[in-house]
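Reading through the structure tokens given below for one structure.
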Amino acid sequence: MHLRAAVINDLSGLGRCSLSADIAVLAAMGIEACPLPTAVLTAQTGYEGYRSVSFASHMEAYRCHWHALGIKFAGILSGYLVSPEAARQTAEFVDTFHHPGVTYLCDPVLGDQGRVYDGFTDASIKSMRGLAEKADILTPNLTEFCLLTGTEMDAMMKEEATDKDALFAALIQKAAAFSQADLVITGIPIKNKKSGRDICNLIISKGRIYPVTFPHLGGSYSGTGDLFAAVLLAARLHKEGLVPSVNKAGQFIAKGITAAQKEHTPSNAGIDYEPFLPLLRSSKEDDHDSAYA
Ligand code: PXL
């Protein structure tokens with residue numbers, strides 16, 4: 001069956017993130033990606049001297065045109081929203097196209113490693129919170145989760161040093177605001193007695209938790225959150241289970257990081273994921289191929 005997803009994100013010339021990542025992953029997973037740019041940048045904002053042109057004033061035209069054409073989406077993904085106006089336009093888009101049976105994944109791109117990305121303000125955080133409340137799947141990293149829930153970041157980091165169970169309990173309590181969604185808090189550092197550190201993607205869904213843990217590979221690369229969200233949405237649109245979908249996304253990122261480390265790729269340039277795109281095809285799509293053989 002043909003599947004189509006709207007991807008609301010920026011187009012960055014460098015950094016292997018946002019729309020470039022979304023389109024590559026969705027296409028590799030057999031899904032048509034319809035890009036709705038929120039901004040066009042010479043490079044993602046981690047690069048010194050980047051230039052950014054907002055696309056917020058053009059977003060309404062996309063919504064109206066696609067609506068007039070009667071276009072339907074199986075999924076909607078939103079990511080980097082350059083301004084509160086871009087977030088408002090995204091909310092309008094979601095209200096227009098998010099019918100029953102349509103999966104809306106909100107990746108609340110706001111920051112990482114305890115820091116807010118360049119250009120975001122309290123108003124950006126507030127408008128992202130409004131979108132997060134509409135999501136079926138919500139994929140903040142730990143920093144973004146703290147920003148969305150008004151949680152002090154240091155407190156969460158201290159928990160990591162002491163007690164994993166206490167950290168998870170605190171996260172579950174704060175997650176109540178988004179109980180309508182399958183929440184996946186990514187990049188949670190967890191102590192591991194043998195190798196030192198793991199990275200946990202904590203799923204909180206319908207009041208239950210499912211930790212999906214990987215060895216900590218080190219480094220903090222551009223675009224990993226975008227790639228993760230795109231794989232997760234595509235796998236869910238193919239009706240793969242929530243935990244296997246998170247696992248698939250995590251494995252894909254781990255392969256890209258390992259390759260980036262081998263190539264000494266700078267963290268701003270993103271991970272070397274391209275050779276691993278063919279591995280994302282599901283066996284269901286292969287069945288689809290054989291139906292046409
Ligand atoms: O990958 C997140 C992201 C997306 N888009 C832009 C960014 C960033 C992170 O820095 O700058 C423009």
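Below, each value reflects all heavy atoms present in this structure, side chains not excepted, and no hydrogens, waters or symmetry copies. Read the numbers this way: they start at 1 and go in the same order the structure lists the ligands and their atoms. Here, residue 1 is the first one in the sequence, and each next residue gets the next number.
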| message | Tell me whether D136 is salt-bridged to R236, with the criterion being a basic N under 4.0 Å from an acidic carboxylate O. | response |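 Looking at D136 and R236, the cut-off is not met.
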
| field | Pair D272 + K255, salt bridge at N-O below 4.0 Å | value |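 Salt bridge flag = no for K255 with D272.
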
| field | Q44 vs L14 side-chain heavy atoms within contact, under 4.5 Å | value |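 No, too far: nothing below the 4.5 Å cut-off.
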
| Are any non-hydrogen side-chain atoms of Q89 and E60 less than 4.5 angstrom apart? |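 A side-chain contact exists here, since the closest heavy-atom pair is under 4.5 Å.
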
| message | Once rounded to the nearest 0.5 Å, what's the spacing between atom CD of E85 and atom OG of S54? | response |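 OG of S54 is found 8.0 Å from CD of E85.
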
| field | Pocket residues of ligand 1, ordered first by chain and then by residue number (heavy-atom cut-off under 4.0 Å) | value |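 For ligand 1, the residues that come within the 4.0 Å heavy-atom cutoff are D10, S12, C17, S18, L41, Q44, T45, Y80, V109, Y117, G223, D226.
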
| query | With distance as the sole criterion, is a donor-acceptor pair present between the side chains of T139 and D107 under 3.5 Å? | reply |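 The answer is yes; a qualifying pair exists.
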
